[in-house]
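Report on the following structure.
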Amino acid sequence: MIRLEAITREYFMGDVEIRALDDIHLTIQRGEFLSIMGPSGSGKSTLLNILGVLDQPSSGSYYLEDVDITQLRDKELAQVRNRHFGFIFQSYNLFPELSALENVMVPLMYAGKPRSERIRRAEELLASVGMGHRLKHLPTQLSGGEQQRVAIARALANNPTLILADEPTGNLATDQGAEIMNILQDLNAQGTTVVIVTHDPSISTYGKRLIKLRDGAIVEDQAIAEIKKEA
Ligand SMILES: Nc1ncnc2c1ncn2[C@@H]1O[C@H](COP(=O)(O)OP(=O)(O)O)[C@@H](O)[C@H]1O
Ligand SMILES: [Mg+2]
């Protein structure tokens, strides 16, 4: 599904070059559930943002279904993002003035769906993440775990093939984090490819495969089943 070849990402701070990603080679198959771990500053978010086409590499190639998307123009990249990817962030990033239902309706509006269909689909998505009883609530009237479930429903609105989540449980208590991971696991079982960034080892084991980053490079790449066998 995705193939990264020799990806680098450099930032310049005045004269100082920061190499956030250094020669990343990574293949992600359809149906995978990949966790990315590593110390703070190791390049996890940079890698996730490049995978989600929120950021462009300094060099290297990114093949999505065998198309090198580093060659596409901004408008085409936006289309790739909207059609293929769903994003989940640590801080939920809901629109504060919109209800749970309205938050989930936003991407359906951008996709040009008529209002009646937007409402029906948003209700269905919220019910699927256990939020069918909180349609009219504003984000401030919801717990962190509930807000993240609304954010997941919104990320699913346009049937993404790939879910990208940066520390999705980072602000949540253990039990609420486990609920979020169970939802992501169910989605993966239904065929959605999932990539998460976490620094919590217990969260990373919900996935099927774990890569570890250090100083912008992949230093480990293992199946979770293998890791559990060794433990
Ligand atoms: N916009 C930016 N400008 C300059 N340096 C950045 C920028 N974003 C990230 N970096 C640097 O790149 C490295 C990797 O950052 P990041 O991917 O956010 O790490 P992580 O998510 O693993 O904590 C860090 O050294 C960070 O300071
Ligand atoms: Mg980060």
Side-chain angles (χ1 to χ4, degrees), residues 2-28 32-64 69-70 74 77-78 80-81 84-94 144-145 147-148 151-152 154-155 160 162-174 176-178 180-181 183-184 188 193-222 224 227:
I2 286 177
R3 191 155 44 93
L4 302 185
E5 282 183 1
I7 292 282
T8 64
R9 177 66 168 100
E10 287 137 17
Y11 294 107
F12 287 93
M13 304 291 284
D15 291 343
V16 183
E17 181 194 300
I18 298 169
R19 192 160 267 225
L21 293 177
D22 185 11
D23 196 29
I24 296 283
H25 292 256
L26 178 64
T27 301
I28 302 174
E32 281 206 67
F33 189 150
L34 173 68
S35 301
I36 302 171
M37 282 190 72
S40 179
S42 58
K44 305 184 295 296
S45 294
T46 305
L47 177 56
L48 199 79
N49 290 343
I50 284 178
L51 283 170
V53 202
L54 296 169
D55 186 20
Q56 287 269 57
S58 307
S59 63
S61 302
Y62 178 153
Y63 295 93
L64 178 69
I69 61 169
T70 55
D74 284 352
L77 289 174
V80 167
R81 254 191 321 266
H84 293 276
F85 303 146
F87 296 94
I88 301 166
F89 301 96
Q90 177 171 357
S91 50
Y92 327 125
N93 292 12
L94 297 175
Q147 289 184 61
Q148 195 60 299
I152 292 175
R154 188 178 61 180
L162 175 66
I163 294 273
L164 296 150
D166 196 347
E167 304 271 6
T169 63
N171 289 347
L172 299 178
T174 311
Q176 292 193 345
I180 295 302
M181 294 313 296
I183 291 171
L184 293 177
N188 178 246
T193 311
V194 180
V195 178
I196 70 160
V197 162
T198 180
H199 59 246
D200 182 342
S202 68
I203 291 294
S204 72
T205 60
Y206 283 87
K208 295 175 184 164
R209 175 184 174 197
L210 173 64
I211 65 172
K212 288 192 180 158
L213 286 183
R214 204 177 194 101
D215 298 331
I218 296 174
V219 293
E220 256 182 72
D221 185 346
Q222 248 190 322
I224 295 285
I227 296 169

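In listed order, ligands and their atoms are each counted from 1. Given the structure is predicted, the values throughout are model-derived calculations rather than measurements.
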Judged by atom type as modelled, is there a donor-acceptor pair below 3.5 Å linking the side chain of R19 to the main-chain atoms of G216?
-> no

Give the minimum heavy-atom separation between I196 and M181, together with the two atoms involved.
-> CD1-CE, 3.7 Å

Exam field: side chain E10 to backbone P57, donor-acceptor pair closer than 3.5 Å = no

Main-chain N/O of S204 paired with S35 side-chain donor or acceptor, under 3.5 Å = yes

Could you pull out the N/O/S protein atoms under 2.8 Å of the Mg ion (ligand 2), ignoring any water?
-> S45 OG

Those atoms of ligand 1 less than 4.0 Å from some heavy atom in A20 | 12 (O), 13 (C), 14 (C)

Worked check of side-chain contact (heavy atoms from CB on, under 4.5 Å) between I24 and I50 = CA-CA 11 Å; I24 296 283; I50 284 178; over 6 Å; no

Atom 19 (O) of ligand 1 sits nearest the protein heavy atom G43 N, 3.3 Å

So, for atom 27 (O) of ligand 1, does the protein have a heavy atom nearer than 4.0 Å?
-> no

In the protein, which heavy atom is nearest to atom 18 (O) of ligand 1, and how far is it?
-> S45 CB, 3.8 Å

May I ask you to decide if the ring planes of F89 and F87 are parallel, tilted or perpendicular, using 30° and 60° as cut-offs?
-> parallel

Mark yes when over 12 heavy atoms from residues, nucleotides or ligands other than D215 sit less than 6.0 Å from its CG; otherwise mark no.
-> no

Is P39 near ligand 1, meaning one of its heavy atoms is under 4.0 Å from it?
-> yes

S40 heavy atoms within 4.0 Å reach ligand 1 at atoms 23 (O)

Does some non-hydrogen atom of G38 fall short of 4.0 Å from ligand 1?
-> no

For the student: nearest non-hydrogen atoms of T198 and M37, plus distance = O-CG, 3.3 Å

Under the 3.5 angstrom rule, does the side chain of N188 hit a backbone N or O of E32 as a donor-acceptor pair?
-> yes

Is the closest N or O pair between G41 and ligand 1 shorter than 3.5 Å?
-> yes

Which residue and non-hydrogen atom of the protein lie closest to atom 16 (P) of ligand 1, and at what distance in Å?
-> T46 OG1, 3.6 Å

G38 backbone acceptor or donor facing K44 side chain under 3.5 Å = yes

Please indicate whether K208 has more than 12 foreign heavy atoms, meaning atoms of other residues, nucleotides or ligands, lying under 6.0 Å from its NZ.
-> yes

Proximal atoms of ligand 1 relative to M13 (non-hydrogen, under 4.0 Å) | 4 (C)

Would you mind checking which non-hydrogen protein atom is closest to atom 10 (N) of ligand 1, with the distance to 0.1 Å?
-> Y11 CE1, 3.4 Å

